[in-house]
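Owing to the predicted nature of the structure, the values given are computational and were not obtained by experimental measurement. Residue numbers start from 1 in every chain, and the chains themselves are labelled A, B, ... in the order their sequence lines are given, proteins ahead of strands. Values below: all heavy atoms of this structure, side chains included; hydrogens, waters and symmetry mates excluded.
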2 protein chains.
Amino acid sequence: MITIYLAEDQSLLASALAQLLDLEDDLHVLGTAADGQQAWLDISREIPDIAILDIEMPKATGLDVADWIHHAGLKTKVIILTTFAQQAYFERAINAQVNGYLLKDLPSDDLVADIRRIQGGATIYSPELVQNMVTASKNPLTEREMDVLKAAVDGASTKEIAKTLYLSEGTVRNYLSAIFSKLAVHNRLEAVHFAQKNKWV
Amino acid sequence: MITIYLAEDQSLLASALAQLLDLEDDLHVLGTAADGQQAWLDISREIPDIAILDIEMPKATGLDVADWIHHAGLKTKVIILTTFAQQAYFERAINAQVNGYLLKDLPSDDLVADIRRIQGGATIYSPELVQNMVTASKNPLTEREMDVLKAAVDGASTKEIAKTLYLSEGTVRNYLSAIFSKLAVHNRLEAVHFAQKNKWV
DNA sequence: GAGTGGGCATGACAAATGTCATGGATATCG
DNA sequence: CGATATCCATGACATTTGTCATGCCCACTC
């Protein structure tokens, strides 16, 4: 019997999936949570065979929980189950040594099959993501440039950015100009769009 | 026996939900689709008792399909099932006279119960949304202002906007200024954020 | 150690953006 | 009808934003 813990903040999916998995003879859902904190509390106490974690959840993300499980040395195998193929997320998940990274864009039968294979020792990454890893546009911005860009996404003025980062206004404008140049755009709005599209922010 | 058609582009949720609903003695899932076009083709041919439609799908949204069902005068009852409580979506759904508007943030057992009640003639709107309808911020922008704002969201310069809308640059700047004033912001980036948050664009 | 390249920081200057006052057209109300 | 209000459109002006040349510091290479 494979014991499973499910953390997913969209109630409909969580409850549907929990019921469905429980119908399988060899699977048993120990519990579910709608936020990362609760998930970690339960997982660390019950030590399920498999933890299926959504990424975007209140209080703590699935990646946070994956880190904690990894650092605590639990035997629980971790499956990240998320909506989109986000490079940054994926890289972090690999570092946390998750056993599976699957997209919600797969049929539930496949998920069941993957759970069994992962329990058997396999590591399964969604093919789309592995492919992406090669082609994905690397972020060409320096750390400081990212600081400035992050400070600018919400529409803060040069003056405000300068104040929060303890820079002169000219410096802030210069960073932004460098960012535009690297991203091949010509104003903040376009730069923010670009960054958001690539999930840098 | 209540026949159901399910349109949902997230495969995992679609397949999980389909299996789950089918387990109920009095429910039967005729079919599923991952895009609006396919959903309409099937629904118009098979005329299920209930169509459960996600909103954001490829090719045609669930709201498009709801409109078509309404105008074709099918007996099929429509349930919109979506993630977030978006006022604009909700209003359009009401105009299409949908029989239910539910959020994915509810347990699957509740969904099953709501399906039965709707088949029995009830109309069920998510309480969050009805409440929102009262407090929701109405869009204070004029038609022309919206034109300008839409032209500006992708980072177009004043000159570009002026050209596409056949206005002088001064006029474009003036519209933007009026927009900022009405939205209580001070630059394009903030205005775009505001508009996107309220789903005006 | 000299030379090279990259990141960090700045100020001067040019270009784009935001604000304001104004005028015409149209609709509403007493 | 006149008074009032709203939307559309514009140009003048002030402010903010974007570009460029420059200098410093550090790491790497020859």
It should be established whether B:Ser157 places a side-chain nitrogen or oxygen under 4.0 Å from OP1 or OP2 of nucleotide C:dA16. no
Of all the heavy-atom pairs spanning A:Ile118 and A:Gly100, show the shortest one and how long it is. CD1-CA, 3.9 Å
Check this for me, if you would: do B:Arg92 and B:Asp67 make a salt bridge, where the nitrogen-to-carboxylate-oxygen distance has to be below 4.0 angstrom? yes
For C:dG11, take OP1 and OP2 only and decide whether either is under 4.0 Å from a side-chain N or O of A:Ser168. yes
If only side-chain N and O atoms of B:Ser177 are considered, is one of them under 4.0 Å from the OP1 or OP2 phosphate oxygen of C:dT19? yes
Would you mind classifying the nucleic acid contact of A:Thr142 as base, sugar-phosphate or nothing, using non-hydrogen atoms under 4.0 angstrom? sugar-phosphate
At under 4.0 Å between heavy atoms, what does A:Thr171 touch on the DNA or RNA strands: base, sugar-phosphate, or nothing? base
Let me know, please, whether A:Gly170 or B:Glu145 comes out on the 5' side of the other along DNA chain D by nearest nucleotide. B:Glu145
Tell me the interatomic distance from B:Arg144, atom CZ, to C:dA25, atom P, rounded to whole angstroms. 17 Å
Starting at the 5' end of DNA chain D, which residue's closest nucleotide do you reach first, B:Arg173 or A:Ser181? B:Arg173
Any B:Asp49 side-chain heavy atom under 4.5 Å of B:Ile4 side chain: no
Between B:Arg117 and B:Thr123: side-chain donor-acceptor atoms closer than 3.5 Å: no
In this structure, how many angstroms lie between the C1' atom of C:dT19 and the OH atom of B:Tyr175, rounded? 16 Å
When the distance from NE2 of A:His186 to P of D:dT16 is rounded to whole Å, what number comes out? 23 Å
Neighbour count above 12 (heavy atom, 6.0 Å) for B:Glu56 CD: no
From C-beta outward on A:Leu167, which listed nucleotide comes closest to its side chain: C:dT10, C:dT17, C:dC8? C:dT10
Figure out the CZ/C1' separation between A:Phe180 and C:dA15, and round it to whole Å. 13 Å
Within this structure, what is the CG-to-P distance between B:Asp147 and D:dC8, rounded to whole angstrom? 9 Å
Whole angstrom value for the distance that separates P of C:dT17 from CG of A:Asn187: 7 Å
So which nucleotide from C:dT19, C:dT17, D:dT16 ends up closest to the side chain of A:Lys159? D:dT16
When the distance from CD of B:Glu169 to P of C:dT19 is rounded to whole Å, what number comes out? 17 Å
Just call it for A:Asn174: base, sugar-phosphate, or nothing, with non-hydrogen atoms closer than 4.0 Å on any strand. base
How long is the line joining CG of B:Leu176 and P of C:dT19, in whole Å? 10 Å
